[in-house]
Participant: 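First the structure, then my questions, so here it is.
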Amino acid sequence: MIDMKQKLIISITLLVMSFAALLANAQSHVIVAGDNVCLRSRASESYKMTGSLYPHFNTGDIFTCYGTEGNYYRVGWHNGIYYLPKKYGRPRGGNNNNAYSSSYTIIIAGDNVCLRSYPSESYKMTGSGNPHLSTGERYKCYGSVGNYYKIDYYGNGSVYYIPKKYGRIR
């Protein structure tokens, strides 16, 4: 007979496997159609992620789409699943190399470019102890958040941001 602890372990395992299958089987992408659009942590207006701690997305930003729930697209962003209102998204089928879950290369187009720990000027990493990027350097890029590119500076999956005006997609 299976006790409660074993049932819990089985349930968690099935949940993790289902989530992994969901991520592996993404079928399409959603392009943001609006400016200053906030994601939701759940498929409800009550769970709108607002304020300076959360990014706002603009027309042309792209997410991998994992289906729908009511009036929301279920989208991948920042290693999680969030919700984009359907009125602010336009579905696109097939593979898209500019989606947030994909990666491509950014070439730095400026000297002394400071990283940001979050997509905002308020989070600019300055000072001699922080890296400054130079023209021609190349980094893996995971997409954009508003006016910033999301890059992997150290090559280990840690994410930082640079203003779009200092990066060129390749």
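It should be emphasised that the depicted structure is a prediction, and the values quoted were computed from it without experimental measurement. Computed over heavy atoms, backbone and side chain alike; hydrogens, waters and symmetry mates excluded. Start at 1 with the first residue, then count along the sequence.
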Participant: Compare every heavy atom of Pro85 with every heavy atom of Cys38, then report the nearest pair and how far apart it is.
Facilitator: O-CD, 4.2 Å
Participant: Would you say the side chain of Tyr83 lies within less than 4.5 Å of the side chain of Leu39, judging by non-hydrogen atoms?
Facilitator: no
Participant: With a cut-off of 6.0 Å (strictly less than), are more than 12 heavy atoms of other residues, nucleotides or ligands near CZ of Arg138?
Facilitator: no
Participant: Could you verify whether a donor N or O on one side chain and an acceptor N or O on the other, from Glu137 and Tyr139, lie under 3.5 Å apart?
Facilitator: yes
Participant: Hey, what do you get for OG1 (Thr126) to NE2 (His132), rounding to the nearest 0.5 Å?
Facilitator: 6.5 Å
Participant: Is any side-chain heavy atom of Pro119 closer than 4.5 Å to a side-chain heavy atom of Lys150?
Facilitator: no
Participant: Drop me the distance from Asn147's CG to Glu121's CD, to the nearest 0.5 angstrom.
Facilitator: 10.0 Å
Participant: Taking the side chain as C-beta and beyond, is there a heavy-atom pair between Ser117 and Lys124 under 4.5 Å?
Facilitator: no
Participant: Atom CG of residue position Asp152 - does it have more than 12 heavy atoms of other residues, nucleotides or ligands inside 6.0 Å?
Facilitator: yes
Participant: Could you tell me if the side chain of Ile62 sits less than 4.5 Å from the side chain of Val30, heavy atoms only?
Facilitator: no
Participant: Heavy-atom count check: over 12 atoms from other residues, nucleotides or ligands less than 6.0 Å from Arg168 CZ?
Facilitator: yes
Participant: Would you give the length of the straight line joining atom CD1 of Ile162 to atom CD1 of Ile106, rounded to the nearest 0.5 angstrom?
Facilitator: 6.0 Å
Participant: Judged by atom type as modelled, is there a donor-acceptor pair below 3.5 Å linking the side chain of Lys86 to the main-chain atoms of Gly70?
Facilitator: yes
Participant: In this structure, is the centre-to-centre distance between the rings of Tyr148 and Tyr161 below 6.0 Å?
Facilitator: no
Participant: Are any non-hydrogen side-chain atoms of Met125 and Arg116 less than 4.5 angstrom apart?
Facilitator: no
Participant: With distance as the sole test, does Thr68 use its side chain to make a donor-acceptor pair with the main-chain N or O of Tyr73 at under 3.5 Å?
Facilitator: no
Participant: Mind checking whether Thr64 and Tyr66 have side chains closer than 4.5 Å, heavy atoms only?
Facilitator: yes
Participant: Could you give the distance from CD1 (Ile108) to OG (Ser134), rounded to the nearest 0.5 Å?
Facilitator: 9.0 Å
Participant: Looking only at non-hydrogen atoms, find the nearest pair between Leu115 and Pro131 and report the distance.
Facilitator: CD1-CG, 3.6 Å
Participant: May I ask whether Val32 and Tyr47 are part of the same hydrophobic cluster, defined by side-chain heavy atoms of I, L, V, M, F, W, Y residues being less than 4.5 angstrom apart, directly or through others?
Facilitator: no
Participant: Do Leu133 and Ile151 have side-chain heavy atoms sitting under 4.5 Å apart?
Facilitator: yes
Participant: Are any side-chain N or O atoms of Tyr72 and backbone N or O atoms of Glu45, one a donor and one an acceptor, separated by less than 3.5 Å?
Facilitator: yes
Participant: Please work out whether the ring planes of Phe63 and Phe57 are parallel, tilted or perpendicular, with thresholds of 30° and 60°.
Facilitator: perpendicular
Participant: Tell me, yes or no, whether the heavy-atom count around Tyr82 atom OH, taken from other residues, nucleotides or ligands under 6.0 Å, exceeds 12.
Facilitator: yes
